[in-house]
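Only this structure's heavy atoms are used, side chains among them; waters, hydrogens and symmetry mates stay out.
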Amino acid sequence: MYVGIDVGTSVVKAAAFDSGGRQLAVESRPVELSLRGGFVEQDMDEVYGAVVDVLGKLAGRVPEPVELAGLTGQGDGVWLVDKEGRPVRSALSWMDGRAHQLLDQWLADGTFETVFRRTGGAMFPGSPGPLLAWLDRYDPKSLDAAAAAVYCKDMVFQRLTGAGRATTDVSDASMPFLDPRTRSYDNRVVELLGLTRRRRLLPPVGDPITTGEAREGLPSGTRISNGPYDLPACALGAGVTEPGDGLLIVGTCLAALVATTELDLSGEPAGLYISTDRHGHRLRAMPAMVGTAALDWVLSTTGVTHAEVDELLAATPPGAHGVRVLPYFAPSGERAPFVEPHLRAELSGVSLETTKADLIRATCEGIGYAARHCLEAAGLTGALAVCGGGTRSSAWMQLLADVLGRPLRVVEGEVGARGAVLAAAERYGVSLDAGVWTEPTAIVEPDPGRSAYYAKGFQEHVARLDVARGAAGR
């Protein structure tokens, strides 16, 4: 069997696949996030312990030999480790907002734009540049004690394999220090962010992805590869490799990815270019903060369960009787397809006659408009795949197809873990039929009439958003 490990923000998963890509079993375990005053941290030992736990349980359910394993996980944030990969302090999550004042300063003085023009990465508070700069100012002892500032999967890989030195890969390194043309760190960016004396903390980039043999969790000697991180892994797992084709991940946050061979560093700085193991091939990524977390908040506030969503979406028409939602609920604002740390959600058109169904539909429509905004900014021209927890709602998938005005190739299951296995197989020269492995579960066609309605609604959404961004930026 083949094993994919996906170390997510709130859940760690391990999935087993047969040689034809059929998902045999999945084991998962939740992990905690510590949230306080804009600080969002994770216990690295808990995360690593969850990885070992799910791998052990998976081996107990599918006791077949493991041909190879692929590792992926959440990106961004800062995971400070010592020489053995042990934590120096709690990991700073990609959701962390503590560095927003630094980002405000860089937005105002031009540093933010300069970095984007050099690397194609539009920094946000939870990206490594701002977080490392914050630590250098307010927690320098942690940086002094660390051997490397890595990413989630890198910490796990180092401990699973006993690798003597921490490494990362070109995908995780893409934000914000990697020059996408040379595929190496841009020392001028390091200097611009005031981190020259911390340059030693940036881990070597494995290009292609680093491999090793497991010492823990998996059977001893199992071949394992480190990367790519979860966004490009999902693109691989959904079969998004041809230029112009795209993927929408409907998870806690939305992530819009479009495969490209182009590198355009003009226009409004937003999102990032994710380098891949295929030289010259990149993903234009718009990883928004908007996502199912916005819907979860509305469901919790209104006392509605996930099981009721499909029924409620059918109970009110497109447009939700005039209720509109700008779904920017994240405490760190928005990061794609624009960066505005101070943007917050807005509800309008609400009255005493507004129903729970109106609020749910308006929220789903708002998330759909945000997705369309991201996909257009990323340059989608070809087929669109969709994956993530949001795909469990058939009514929401239909709404998304209508809002986006295009068919959706729904890919279910552990798509990131699947992509990690495909990356590992390519790295080791193991022949797997990627076309078979990435077959869609279903194709959802848009309704022409509703799509025409939502095309106008999208323009209204953008107009309202422009006003909200102007107010947030003051």
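Aromatic ring centres of Trp94 and Tyr151: separated by at least 6.0 Å.
For Arg98 and Glu41, the salt-bridge test passes: some basic side-chain N is under 4.0 Å from an acidic carboxylate O. A salt bridge is defined here as a Lys NZ or Arg NE, NH1 or NH2 lying under 4.0 Å from an Asp or Glu carboxylate O, and Asp186 with Arg118 meets this definition.
Among pairs with a residue in residues 42-51, those fulfilling side-chain hydrogen bond (donor to acceptor under 3.5 Å, both in side chains) read Gln42-Gln74, Asp45-Arg159, Tyr48-Glu216, at least two apart in sequence or across chains. For residues 287-300, the side-chain hydrogen bond (donor to acceptor under 3.5 Å, both in side chains) pairs, not counting sequence neighbours, are Asp296-His306. Listed by first then second residue, pairs satisfying side-chain hydrogen bond (donor to acceptor under 3.5 Å, both in side chains) with a partner in residues 28-37 number zero, not counting sequence neighbours.
Ring planes of Trp134 and Phe39: perpendicular class, angle over 60° (limits at 30 and 60°). Ring geometry for Phe17 against Trp437 counts as tilted: the plane angle lies between 30° and 60°, on a 0 to 90° scale. Ring geometry for Tyr328 against His461 counts as tilted: the plane angle lies between 30° and 60°, on a 0 to 90° scale.
The two residues Pro446 and Pro407 have their closest heavy-atom pair at CD-N, 3.7 Å. Contact between Leu295 and Thr363 at its shortest, heavy atoms only, is CA-CG2, 4.0 Å. Nearest heavy-atom pair, Ala285 versus Ile274, reported as atom, atom and distance to 0.1 Å: CB-CD1, 3.7 Å. Shown here for Gly8 and Val31, the closest heavy-atom pair between the two residues is O-CG2, 4.3 Å.
Counting non-hydrogen atoms of other residues, nucleotides and ligands closer than 6.0 Å to CD of Glu445 gives a total above 12.
A search for side-chain hydrogen bond (donor to acceptor under 3.5 Å, both in side chains) contacts involving Ser394 returns Asp310, not counting sequence neighbours. Residues passing the side-chain hydrogen bond (donor to acceptor under 3.5 Å, both in side chains) test with Asp18 are Arg22, sequence neighbours excluded.
A donor-acceptor contact shorter than 3.5 Å links the side chain of Arg372 to the backbone of Val403. Looking at Thr438, its side chain never comes within 3.5 Å of a backbone N or O of Gly237 through a donor-acceptor pair. Judged purely by atom type and a 3.5 angstrom limit, Arg61 has no side-chain atom pairing as donor or acceptor with the backbone of Ala25. Judged by distance alone, the side chain of Tyr428 and the main-chain N or O of Ile224 form a donor-acceptor pair under 3.5 Å. With hydrogens and angles ignored, the 3.5 Å screen pairs a side-chain donor or acceptor of Gln158 with a backbone N or O of Lys83. Between the Thr119 side chain and the Val115 main chain, a donor and an acceptor come within less than 3.5 Å of each other.
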Give every donor-acceptor pair under 3.5 Å between a side-chain atom in residues 163-179 and any protein atom, sequence neighbours left out.
from: Thr167; atom 1: OG1; to: Thr210; atom 2: OG1; distance (Å): 3.2
from: Thr168; atom 1: OG1; to: Asp154; atom 2: OD2; distance (Å): 2.9
from: Asp169; atom 1: OD1; to: Lys153; atom 2: NZ; distance (Å): 2.8
from: Asp169; atom 1: OD1; to: Ser171; atom 2: OG; distance (Å): 3.1
from: Asp169; atom 1: OD1; to: Asp172; atom 2: N; distance (Å): 3.3
from: Asp169; atom 1: OD2; to: Ser171; atom 2: N; distance (Å): 3.1
from: Asp169; atom 1: OD2; to: Ser171; atom 2: OG; distance (Å): 2.5
from: Ser171; atom 1: OG; to: Tyr229; atom 2: N; distance (Å): 3.1
from: Asp172; atom 1: OD2; to: Lys153; atom 2: NZ; distance (Å): 3.4
from: Ser174; atom 1: OG; to: Val170; atom 2: O; distance (Å): 2.6
from: Ser174; atom 1: OG; to: Ser171; atom 2: O; distance (Å): 3.2
from: Ser174; atom 1: OG; to: Ser275; atom 2: N; distance (Å): 3.1
from: Asp179; atom 1: OD1; to: Arg181; atom 2: N; distance (Å): 2.8
from: Asp179; atom 1: OD1; to: Arg181; atom 2: NE; distance (Å): 3.0

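Interatomic distance, CE of Met95 versus CE of Met289, reported as 6.0 Å (0.5 Å rounding). Here the straight-line distance linking atom CG of Leu132 with atom CZ of Arg198 works out to 9.5 Å at 0.5 Å rounding.
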